[in-house]
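So the structure is just underneath, and the comments pick up after that.
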Amino acid sequence: MILLEGVYVMKLNAIILNGSLKHGDEGSNTEALVNEVIEIYKKENVNAEILRLSDYNISYGIADDMGKGDEWPQILDKIINADILIIGTPLWLGEKSSIATLAIERLYGSSSITNDQGQSIFYNKVGGAVVTGNEDGAKHAATSILYSLSHIGFTIPPNVDAYWVGEAGPGPSYMDINYENEFTKKHVELLAYNTIHLARMFNKNPIPNEGNQLNN
């Protein structure tokens, strides 16, 4: 619990799925941009954790658990216990990464799980997208991610697509420009604060279950 404007509220939890194709501690431009969001989360007393998806064995399939060797269930547990989910992805040929797509497919396969109100487990959770690349495609990737999250029960606040792309063709990546881009910085701020504001609203006033119970 934290004291906010004279009222004690639950401390928020955010999970960020980094869809980089890089592994381990290898430098990730997507993670560099995500870390700017996390700086604001920390300032606002929001717990935040990055999961680099390439370091997990995530099976293909449309289910919450694909059985032996599938590490998606441990990722899903963290998402279920979070208030905010951010999906980060690099751009490859103008598209989100294959592993970001895989994560969305697995989220879809998990969306039939219900909360104690009979709604999808993703109700009352807030979603956002972070995209990096050095060519066009950021809005296309963000559109795909944010629609997918909305379709399975997440709520999308305004202006939660923070991105950076350089000039067309080979060129500097996000870390190469030392993070100096005012447009991107403003959208990082919008994403961070709007996900926080809406998640706090849902903590106080969750979506009523009338008309949206999966089994009725």
Side-chain angles (χ1 to χ4, degrees), residues 1-5 8-20 28-56 58 71-90 96-97 99-100 103-104 106-107 110-111 113 115 120-132 141-142 145-150 152-164 174 179 184-207:
M1 300 284 285
I2 60 171
L3 185 63
L4 181 67
E5 297 178 353
Y8 282 98
V9 297
M10 294 294 295
K11 191 169 185 177
L12 299 178
N13 294 305
I15 291 293
I16 299 95
L17 304 183
N18 181 1
S20 172
S28 163
N29 291 289
T30 302
E31 193 152 314
L33 185 49
V34 162
N35 281 332
E36 295 194 32
V37 178
I38 289 177
E39 284 182 17
I40 297 175
Y41 282 162
K42 288 181 177 178
K43 186 173 69 173
E44 295 297 322
N45 291 303
V46 176
N47 294 320
E49 181 180 2
I50 300 176
L51 303 179
R52 192 175 292 204
L53 296 173
S54 63
D55 290 337
Y56 291 83
I58 304 173
E71 294 182 328
W72 174 254
Q74 62 185 273
I75 298 172
L76 179 61
D77 283 345
K78 291 177 180 288
I79 295 169
I80 289 173
N81 290 311
D83 305 283
I84 299 167
L85 173 67
I86 306 298
I87 295 182
T89 182
K96 64 184 181 297
S97 71
I99 197 165
I104 289 170
R106 296 303 304 273
L107 283 167
S110 308
S111 61
I113 302 172
N115 61 22
S120 168
I121 198 67
F122 302 134
Y123 264 53
N124 302 305
K125 298 184 186 301
V126 177
V130 169
V131 184
T132 60
I145 291 169
L146 297 177
Y147 169 76
S148 298
L149 291 179
S150 173
I152 61 176
F154 288 85
T155 300
I156 308 303
N159 301 119
V160 288
D161 54 336
Y163 63 91
W164 184 88
Y174 187 64
Y179 321 141
T184 298
K185 285 183 175 295
K186 182 59 181 177
H187 276 259
V188 163
E189 186 177 53
L190 289 167
L191 183 153
Y193 281 104
N194 286 347
T195 52
I196 291 170
H197 294 326
L198 194 55
R200 283 175 176 163
M201 289 171 62
F202 281 149
N203 266 348
K204 294 180 181 179
N205 297 290
I207 299 171

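Everything numeric here is computed off the predicted structure, so don't read it as measured data. These values consider heavy atoms only, across backbone and side chains, with no hydrogens, waters or symmetry-generated copies. We count residues from 1, following the sequence as given.
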Is there a side chain to side chain contact (heavy atoms under 4.5 Å, CB included) between Y56 and I75? Walk through the geometry before answering. CA-CA 9 Å; Y56 291 83; I75 298 172; 3.8 Å; yes
So which heavy atom on V37 is nearest to which on V130, and how close? CG2-CG2, 4.4 Å
4.5 Å side-chain heavy-atom contact, F122 and I79: yes
Can you see which heavy atom on A48 is nearest to which on I16, and at what distance? CB-CD1, 4.2 Å
Inter-residue atom distance N205.CG - R200.CZ, 0.5 Å rounding: 14.5 Å
Just verifying a value: how many Å separate L51 CG and I58 CD1, rounded to the nearest 0.5 Å? 9.0 Å
Under a plain distance cut-off of 3.5 Å, with no hydrogens placed, do Y123 and T155 share a side-chain donor-acceptor pair? no
Keeping S120 on the side-chain end and S111 on the backbone end, is there a donor-acceptor pair under 3.5 Å? yes
Are the side chain of N194 and the backbone of P158 linked by a donor-acceptor contact shorter than 3.5 Å? yes
Specify whether H187 and Y163 have parallel, tilted or perpendicular ring planes, treating 30° as the upper limit for parallel and 60° as the lower limit for perpendicular. tilted
At what distance, to the nearest 0.5 angstrom, does CD1 of I50 lie from CD1 of I86? 11.0 Å
Sidechain-backbone polar pair: T30 side chain, T132 backbone, donor-acceptor under 3.5 Å: no
Would you say S110's side chain and R106's backbone share a donor-acceptor pair under 3.5 angstrom? yes
Does D83 reach the main-chain N or O of N13 with its side chain, forming a donor-acceptor pair under 3.5 Å? yes
Rounded to the nearest 0.5 Å, what's the gap from OG on S150 to CD1 on I145? Could you check? 13.5 Å
Can you name the nearest heavy-atom pair linking G127 to T195, along with the distance? O-CG2, 4.2 Å
Heavy-atom check, side chain of N45 versus side chain of L12, under 4.5 Å: no
Checking the side chain of N47 only, and the main-chain atoms of A14 only, is there a donor and an acceptor separated by less than 3.5 Å? no
Heavy-atom closest contact (G19 atom, L53 atom, distance): CA-CD1, 4.3 Å
Side-chain contact test, heavy atoms from C-beta onward, threshold under 4.5 Å: evaluate it for Y41 versus I84 and give yes or no. yes
Salt bridge (charged side-chain N to carboxylate O under 4.0 Å, His left out) evaluation trace for K42 with E39: CA-CA 5 Å; K42 288 181 177 178; E39 284 182 17; over 6 Å; no
Just verifying a value: how many Å separate I104 CD1 and I99 CD1, rounded to the nearest 0.5 Å? 12.0 Å
Between E44 and Y193, does any side-chain donor sit less than 3.5 Å from a side-chain acceptor? yes
Using atom types as modelled and distance alone, determine if a side-chain donor or acceptor of K125 lies under 3.5 Å from a backbone N or O of A82. yes
Residues E31, S20; criterion side chain to side chain contact (heavy atoms under 4.5 Å, CB included); working and verdict: CA-CA 8 Å; E31 193 152 314; S20 172; over 6 Å; no
Which heavy atom of A129 sits nearest a heavy atom of L191, and at what distance? O-CD1, 3.3 Å
Heavy-atom closest contact (I87 atom, L107 atom, distance): CD1-CD1, 4.1 Å
Which value, rounded to the nearest 0.5 Å, describes the distance between K43 atom NZ and I38 atom CD1? 14.5 Å
